[in-house]
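Structure record follows, encoded as C-alpha cells.
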Amino acid sequence: MDRYEPLKIEQKWQKIWEKEESFKASEEEGRPKMMLAEMFPYPSGAGLHVGHVRNFTIVDVLTRFYRQQRLNVLRPFGYDTFGLPAENYAIKTGTAPQEVTKENIANFRKQAKKLGYAIDWSREINTSDPEYYKWTQWCFLQLYKKGLAYQKESYQWWCPEDQTVLANEQVENGKCWRCGHEVEKKKMKQWFFKITEYADELLDEIDNLEWPEKIKTMQKNWIGRSVGSEIEFKLTGTNSITVFTTRPDTILGATFIVVAPEYAGLEYIVAEDCRDEVMKYKAEALKKSEIERQENKEKTGVFTGAYAVNPATKEKIPIWVADYVLVGYGTGAIMAVPAYDERDREFAEKFDLPVVEAELIDRDLYGTPKVMYKMRDWLISRQRYWGCPIPIAYDKEGNPHPIPEDQLPVMLPEIKDYEPDASGRSALAKAKDWLKVEIDGEEMTRETDTLDGYACSSWYLWRYASPHDTKAAWDAEAIKYWEPVDYYCGADHAVAHLLYIRFWCKFFADMGYLPFREPIKRLLYNGYINAPDGKKMSKSKGNVIDPLDVINDGYGADTLRTYEMFIGPYDLDAAWDTRSVGGVYRFLNRCYNLLEGKQSDSVPSGDGSLRPVVTGEAPSFSVVTSESPREEAIGLLQTRHKTIKKVTEDIHRYSFNTAVAALMEYVNELYKSGAEKEDLIVLAKLLKPFAPHLASEMLERLDSDDEWPKWDEKYLVADTVELVVQVNGKLRAKFEVSVDDLEDEDKIVKMVLDDKKVQKYTESGVKKTIFVKKAKLVNIVV
RNA sequence: GCCCGAAUGGCGGAAUUGGUAUACGCGAGCGACUUAAAAUCGCUUCCCGACAGGGGUAUGGGUUCAAGUCCCAUUUCGGGCACCA
C-alpha cells in the first residue's frame, strides 16, 4: 500500500503529456471549438508568483473542463518580453536583454510545466522574437497607411527616471506606472495611434460584451464621451477663440473666457502690458508637476489683457489664463459660466469676476454640435532600446517614410551601451551603422524610438492561431476557426491593453483582415492573492510566497492549484493561508486513499450493491454493514449525481471554490458510506480540472477515460423529501413527506396543522397558510 | 468630490430565482490508534440558556406570509476616476 506522493505522480504525468504532446490543438471541422488564454506574462527574473498560478489555473480548469467534454480546445501560451525591467537589468549588469529574456523564458516555461497546465506548447510566442515583431511592425505600417499612425508635436508625459515619454494610460496619479517617479510635461514630436477614430464604436459595443461590469464601467469612463457644442468667440481684431461646452444653453451667463497655459494661440492673444506676467504664469504652470496640480486645487490664473465678445450678449468679456483648464481636452479654452459651473464660480469669486444668473436658451443658437472624448490618442513611441523598432526612416528634409514591407523586420541591433539619456532619443541613436538605410535609392536615417510594449500585445491573441506563419501576421482560415477568444483571463490592464486590443480588432476588421469586431467574448478578471498578513506581497516586505516552494515542500502542484481555486471567489482578492493549503492537501490525500482502498478490495459487486472500501493508511475506516444495501446504493447514486451536477454547474458559473467544496463533501460522503468503483471514476473525472496529475493517476488505475460525466435527474429525485414548517417565518418543525404528497397542498397543510408540535405554536388561531412546493415549505401565519 | 464593489462565527468563506443562515476548509476542543509523537480516523464547535426557549448576517428604518438576499438612510473598508468645461 503506497502513500500519496504528489511529486512522483506529477513528474510521471508531466513526462507523459510532454512526450505525447497531449494538448496540441488543430483545426477540426465538426467539433465545437473553444479557445482560452490568460494575459500572457512578462517573464521576470523572479519566476512565477502565486498570482500567475491563480490566473493560469483558472484558464486551465476551464481548458480541461471543456477538453473532458470533448470540445476542440486551444489553450496557447506566450511571453510579453519587451520592456523596461530587462533593459534596466542590462544597464546594471551589462547582460544583453536578449540573453536575460531567453533565460527568463526558459525558467517560466519550466515552472509552468511543473504546474501541469494543458498548454499547446507548439504555439509558444515571444514578442521580442524577430519572427514575431516583424509582424508587429507590419501592423504598424497598416495603421500608418491609413493615417492612424501619425506624428504630432505637443506636450507629453515624460518620465525623467526612465527617460522616456509615456501614454496617458501609463501615468497613475501623476506618476510613472513602471518606476513611480513623478512625470513631467515635455514638448516633443511623438508617434500616436489614432484610437479616438474608434471612440464611438469602442464605447457603444461595451454593453454587448460578456465582461465584468467593473471593467466595462472603467472603459466607459475612460473614453468619456460628452455631447456639447463648439462656440466661436470673436476677439478685438481678427483673432477668435473657439471653446467647447456641454452647456451651450448657459451662454448668456458666460462672463469670461479661460484658456489653458499651453493654449497654442496664447502669445497672439495676450496684450503687451500683460505679456510678462502671462508668460511667467505659463512657465510656472509647465514646471508644476502633475502631483502638485492635482493636490493643490486652489484656483490660480492671470488676466491676459485681451477681451472677446460673447456672441449671445454682445458684451465684451475678459480672457484669462488658468491651469484649471486643460490643453488636451476640447479646444483648450472654455467659456466660464460661474452661475452654473462650480469651478468657474470658484475662479470668479477669487478674482472678483462677474457672476450673472442668466436664463437658459436654445442649445443650438450660437454653436455647432460637437462630441468630445476624454480619451486621447495613444502615444506609442518610447525613447528606450528594448522594444520593437518603429519601421520608419527619415529623408534629409526630415520627412518620415515607411520601411517597405519586404524589408521587415527592422532588426533591433545588439549594442553595448543601453543607457538612455535626456536627449529625447533612445540608445539606438548610438548605433551608427544601423541608423543608415537606403529606400528607393535614397539614403535615410532610421527612427530611433521603439514601440510601446502595449503595441506588441495588441495582436498576439491572433498570432496564436498560426504562430509560425511566415507569410502573414495571422492566417485567415485559422483565425476564422479559433477566434474570437472564448475566455480571456487576467488581473490587470482594465483600460490600457483591453482597450487597445479592441481598437486594433476594429481596425483590422475594417481592413478585411479579421472576421469579427470584438476580440474577446468573455473576460474573467481575477483578484490578487495577498500575503498572509493581508498586505500586498513584495520582496521588500519579505512576505512573498513562492509557488515553487509550495510544490517542492511536498504539497505538489495539484495541491497548489486546487488550493488557489478553493481560496475564495475567483474575482475577489484573497489572503494566502498556509494552514489551509494543508487542508487541501489532506483532501487530495483522502482521494488517493480512497483509490488505494478500492484497489485493495476491488471485488466487483456484480449486483450493484455497495462494496466497502478500506484504506491502507486508515484502518479505522467505517465499513458499510447496511441491512438493506439497495437503499444505500440508491443514496450513494443520488450523492454521485448530485455532485456531478453541482461541480458542472459551478464551473459553468466560475464558482471554483464551491466546486472544490462539493468534491470535498463527496469524498466525506464516500468515507462514511463506502464507494463503488464508479464513484471513484466520477470523483477522478470531476477532480481532473483542478488536480490533473492525481486524477490522471486515479483514472489510469481505475482503467477509465476522462470524459466528463453527466448527471441524470432521475437519480436526484428521492421518494421522500424534508418538509419545512415555519410559524410566522420561524422554523418550527420538519417532516418527512412523500414526493406524491407534496403535490397535494390540502393534504400537506392538514397534516401540518394536525401535528401536536406545530399546534403548540398555533394556539392563538391560524390566520393563513402559505405552501411553497418548490421550497418544500409551509409557513403558518398566526 | 464623483462612479463602482463589499461588510455573514475565532478565521477564509457558503447560501445560484426572496423560502431551513453559517455548506466546505482552517483553527480550537474531545476521543480512537500508538510505548510516545507525527500522520490518519471519528465526534463537537454562532451566541445566551441546565432545559424549555430566545437572540443572531455592519447600523437604523421599510416592503413581504417570509429578507443575508429587495427598497431608503447611515457607518466602515476596498477599487476606479479625479478641475474633462
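Chain letters run A, B, ... following the sequence lines, proteins first, then strands; residues in each count from 1. All values reported here derive from a predicted model rather than from experimental measurement.
- Checked by atom type, the side-chain pair A/S240/A/E232 shows a donor-acceptor distance below 3.5 Å.
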Its contact letters, B for base, S for sugar-phosphate only and - for none at protein heavy atoms under 4.0 Å, make nucleotides 17-24 of chain B read B-BB--BB

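- The closest donor-acceptor contact from the side chain of A/D323 to the backbone of A/A285 lies at 3.5 Å or more, if one exists at all.
- When atom types are taken as modelled, the side chain of A/R225 and the backbone of A/Y373 share no donor-acceptor pair closer than 3.5 angstrom.
- To the nearest whole angstrom, the two P atoms, one in B/U64 and one in B/A15, are 28 Å apart.
- Comparing atom distances between the A/P569 side chain and each of B/C26, B/G13, B/U16 picks out B/G13 as nearest.
- Among the heavy atoms of the strands lying under 4.0 Å from A/G583 are primed sugar atoms or P, OP1, OP2 only; no base atom is included.
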Pull out every protein N or O sitting under 3.5 Å from an N or O of nucleotides 43-48 of chain B, one pair per line with the distance.
none

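- Among the heavy atoms of the strands lying under 4.0 Å from A/I567 are primed sugar atoms or P, OP1, OP2 only; no base atom is included.
- Taking atom P in both B/C41 and B/C26, one finds a spacing of 10 Å when rounded to whole Å.
- A/Y281 OH to A/T300 OG1: the interatomic distance, rounded to the nearest 0.5 Å, is 2.5 Å.
- For B/G9, the base adopts the syn conformation, since its glycosidic angle falls within 90 degrees of zero.
- Checked against ring pair (Phe, Tyr, Trp, His ring centres under 6.0 Å), A/Y454 has the following partners two or more places apart in sequence or in another chain: A/W177, A/H493, A/Y500.
- Residue A/R3 places its side chain closer to B/A39 than to any other of B/C26, B/A85, B/A39.
- Using a 4.0 Å cut-off between a side-chain N of Lys or Arg and a carboxylate O of Asp or Glu, A/E298 and A/K350 qualify as a salt bridge.
- No hydrogens or angles considered: nothing links the side chains of A/T562 and A/T559 as a donor-acceptor pair under 3.5 Å.
- Between A/W576 and A/V550 the shortest side-chain heavy-atom distance falls below 4.5 Å.
- A gap of 27 Å separates the C1' atoms of B/U20 and B/A28, to the nearest Å.
- The separation between A/K214 atom NZ and B/C3 atom P is 18 Å, rounded to whole Å.
- A donor-acceptor pair under 3.5 Å is absent between the side-chain atoms of A/T196 and the main chain of A/D377, judged by distance alone.
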Evaluation steps, side-chain hydrogen bond (donor to acceptor under 3.5 Å, both in side chains), between A/N55 and A/Y528: CA-CA 9 Å; A/N55 189 220; A/Y528 289 114; over 6 Å; no

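- Contact check, A/S226 against B/A85: a side-chain N or O comes under 4.0 Å of OP1 or OP2.
- Atom pair A/F587:CZ and B/C41:C1' shows a separation of 17 Å (rounding to whole Å applied).
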Taking distance alone, no hydrogens or angles, what donor-acceptor pairs closer than 3.5 Å link side-chain atoms of residues 254-261 of chain A to residues at least two apart or in another chain?
residue	atom	partner	partner atom	Å
A/T255	OG1	A/P354	O	2.7

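- One can place CH2 of A/W576 at 15 Å from P of B/C26, the figure rounded to the nearest angstrom.
- Counted by atom type alone, A/R3 and A/N589 present zero donor-acceptor pairs between their side chains at under 3.5 Å.
- Checked by distance alone, A/K374 brings no side-chain donor or acceptor within 3.5 Å of a matching partner on the base of B/C81.
- Nearest-nucleotide positions on RNA chain B place A/W222 closer to the 5' end than the other of A/V327 and A/W222.
- With hydrogens and angles left out, the side-chain atoms of A/E736 and A/T720 include a donor and acceptor closer than 3.5 Å.
- Between A/F566 and A/F587, the gap from one ring centroid to the other reaches at least 6.0 Å.
- Note: CG (A/N221) to P (B/C2) measures 14 Å, nearest angstrom.
- When distances are taken from the side chain of A/T245 to each of B/U16, B/A14, B/A85, the shortest belongs to B/A85.
- Between A/R586 and the phosphate of B/A38, there is no side-chain N or O to OP1/OP2 separation shorter than 4.0 Å.
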Could you go through nucleotides 52-56 of chain B and list every protein N or O atom that sits under 3.5 Å from one of its N or O atoms, giving the distance for each pair?
residue	atom	partner	partner atom	Å
B/G53	OP1	A/Y761	OH	3.2
B/G54	OP1	A/R732	NH2	3.3
B/G54	OP2	A/R732	NH1	3.0

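- Paired runs in RNA chain B that reach 3 or more consecutive Watson-Crick or G-U pairs, where each pair keeps both distances under 3.5 Å, cover B:1-7 with B:75-81, B:10-12 with B:24-26, B:27-32 with B:40-45, B:46-48 with B:53-55, B:58-62 with B:70-74.
- Taking atom CD on A/E342 and atom P on B/C83, their separation rounds to 14 Å, with Å as the unit.
- As rounded to whole Å, 17 Å separates atom C1' of B/C83 from atom CE of A/M372.
- Separation of the P atoms belonging to B/A67 and B/C3 is 31 Å when rounded to the nearest angstrom.
- B/U63 and B/U69 have their C1' atoms separated by 14 Å, with the value rounded to a whole Å.
- Going from atom CE of A/M565 over to atom C1' of B/G25 covers 16 Å, rounded to whole Å.
- The side chain of A/Y329 contributes an N or O atom lying less than 4.0 Å from OP1 or OP2 of B/A85.
- Distance from the side chain of A/R579 is smallest to B/C26 among B/G80, B/C65, B/C26.
- Taking atom P on both B/G5 and B/A73, the two are 15 Å apart, rounded to the nearest angstrom.
- Taking atom C1' in both B/U34 and B/U16, one finds a spacing of 46 Å when rounded to whole Å.
- Residue A/N530 contributes atom CG, which lies 17 Å from atom P of B/C77 at whole-angstrom precision.
- Straight-line distance between the P atoms of B/G68 and B/C83: roughly 43 Å, to the nearest whole Å.
- Side-chain contact check for A/D553 and A/Y585: no donor-acceptor pair (N or O, by modelled atom type) lies under 3.5 Å.
- No engagement by A/K216 is indicated, since no non-hydrogen atom pair under 4.0 Å with the nucleic acid exists.
- Side-chain atoms of A/Y366 and A/N310 form no donor-acceptor pair, as typed in the model, at a separation below 3.5 Å.
- Ring centers of A/Y525 and A/W211: at least 6.0 Å apart, outside the cut-off.
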